[in-house]
Amino acid sequence: MSPFPSTRGASLPADQTTVRRANLSVVLRHVASAGPRSRAQVAAETGLTRGTVSSLVTELIALDLLRETGEATAPRGIGRPGVALELADVVVGIGLEVNVDYLAVSVEDMTGAVRYERRAHRDNRGCAPGPVLDRLALAARAALDAAAREGLRPVGVSVAVPGLVEEASGTVVLAPNLGWSELPVAAELEARLGLPVHVENESNLAALAEHWTGAAVGIDDFVCVFGEVGVGGGVVLGGRLFRGSHGFGGEFGHVSVDPAGRPCACGSRGCVETLVGEEAIARAAGITPATSRGRSLTDELIRRAEDGSPSTLAALADAGRWLGVALASTFNLFDVRAVVLGGCFGPLSPWLVDDVRRTLRERSLAARSGTFEVLPSAFGDGAAVRGAAALALHRLLDQPWTARAADDIEVMSSRVSAPRATRRGREVAIGRR
């Protein structure tokens with residue numbers, strides 16, 4: 001099922017350029033949502049004339065956004081078969097992620113295929129922001145070089161970060177688990193890469209990835225709970241990301257559920273992430289986080305859970321209950337239809353789902369009174385970087401003509417030398433999707 005909603009042509013009181021740009025979006029979105037279509041089918045289904053569609057398709061092919069499949073489509077009525085059109089796989093988005101204990105990069109094309117991905121495990125809490133961003137820029141450079149070797153055209157670079165983000169400026173206002181505050185991440189990376197960079201909260205990007213191509217396709221009201229060392233939440237209402245008045249909506253991990261609980265890095269006490277964050281679960285299971293550095297704590301929890309470790313199973317059961325307690329308020333406030341368990345919660349979901357579901361039924365009036373789903377992420381701990389990679393591509397659906405800027409990005413990226421950086425952590429392919 002395609003994540004792209006269908007759009008019909010509409011008359012707009014605007015000049016010819018504006019109308020043509022709007023219709024470019026109509027055609028591109030229609031092929032994206034409906035699948036391979038002939039020019040005649042696109043015209044019939046969007047209400048645009050065949051001549052207009054033919055002209056628009058020619059431009060979209062020149063922009064590397066559509067391509068002819070070489071296969072004929074059978075018309076429903078009288079007429080000759082037409083050559084099918086589909087999304088091209090040349091234009092790509094570059095997604096980067098900074099997290100407490102790893103850096104990640106992903107390159108995704110218009111068809112949703114991942115063309116390149118890497119992850120480097122390293123504890124970033126003890127590092128100054130500069131060296132961390134140096135290493136992230138190196139990862140971005142490697143991804144851009146790989147894209148260039150395949151003849152791909154990047155249209156944007158987006159970064160997922162675990163903290164409050166001022167979207168307009170790309171400034172990380174506060175990332176407590178990294179120790180960052182008022183850090184102009186977009187400007188810093190643009191200086192290193194010579195490219196425009198967009199910065200967004202990791203949980204928001206994870207929620208968008210799940211809504212576009214993951215577990216929440218077709219679900220317009222849900223919350224995505226994204227667990228790593230910290231815990232975040234992305235809330236989608238009416239098919240749109242809920243940001244709140246300052247853009248800081250969805251800070252699920254800093255909902256206080258135990259006023260006398262453990263101190264949190266945000267300055268409060270008893271926050272959800274002090275109880276269900278990856279390291280909190282590991283500690284409850286008797287795993288010292290430092291002993292697993294260089295490999296995923298989640299992998300270690302899974303290994304022990306599969307082996308039937310009593311302490312690990314008890315820790316995961318407690319985490320599921322605490323997640324349910326906090327989510328009950330979210331369900332009561334927003335009457336969402338589903339929760340997606342993302343980040344480390346995705347691969348741990350076999351041991352979390354039942355307790356989350358049971359606690360929601362016990363504590364949420366909305367959950368008891370209606371139907372709801374508890375869904376494991378389709379991408380696991382790769383959801384945020386996948387959302388970052390897809391962000392520029394989805395913006396391209398609304399503004400296809402901006403794909404011309406991809407040529408400028410290619411030129412700029414080829415002129416920027418990679419920054420020097422300190423020793424990098426171990427790199428592994430991201431295995432869970």
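Atom-to-atom distance recorded for Leu56:CG and Arg20:CZ is 5.0 Å, nearest 0.5 angstrom.
Two residues are said to be in side-chain contact when any heavy atoms from C-beta on lie closer than 4.5 Å; Val42 and Leu48 fail this criterion. With a 4.5 Å cut-off on side-chain heavy atoms, Leu348 and Glu278 do not count as touching. Contact check for Phe379 versus Val385: no side-chain heavy atoms found under the 4.5 Å cut-off. With contacts defined as side-chain heavy-atom distances shorter than 4.5 Å, the pair Glu59/Leu24 qualifies. At least one side-chain heavy atom of Glu182 sits under 4.5 Å from a side-chain heavy atom of Thr171. A heavy-atom distance below 4.5 Å is not found between the side chains of Arg37 and Leu85.
A salt bridge between Glu167 and Arg243 is present, with a side-chain N of the basic residue lying under 4.0 Å from a carboxylate O of the acidic one. Using a cutoff of 4.0 Å between basic side-chain nitrogens and carboxylate oxygens, Arg192 and Glu188 are scored as salt-bridged.
Heavy atoms only, all atoms of each residue included: Val92 and Leu152 are closest at CG1-CD1, 3.9 Å.
Counted within 6.0 Å of CZ on Arg363, heavy atoms from surrounding residues, nucleotides or ligands total 12 or fewer; the atom is thus considered open.
A ring-centre distance under 6.0 Å is not found for Phe345 and Phe226.
Screening Glu97, Glu108, Glu117 for a salt bridge (Lys or Arg N to Asp or Glu O under 4.0 Å) with Arg386, the sole residue that qualifies is Glu108.
Note on ring orientation: taking the six-membered ring where Trp is involved, the planes of Phe222 and His211 are tilted (angle from 30° to 60°). Between Phe334 and Phe242, the two ring planes are tilted [angle within 30° to 60°].
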**Message:** Checking Arg125 against Asp101 for the salt bridge (charged side-chain N to carboxylate O under 4.0 Å, His left out) test, could you report, in this order, the C-alpha distance in whole Å, the side-chain angles of both residues, the deciding distance, and whether it holds?
**Reply:** CA-CA 8 Å; Arg125 283 171 289 194; Asp101 56 355; over 6 Å; no
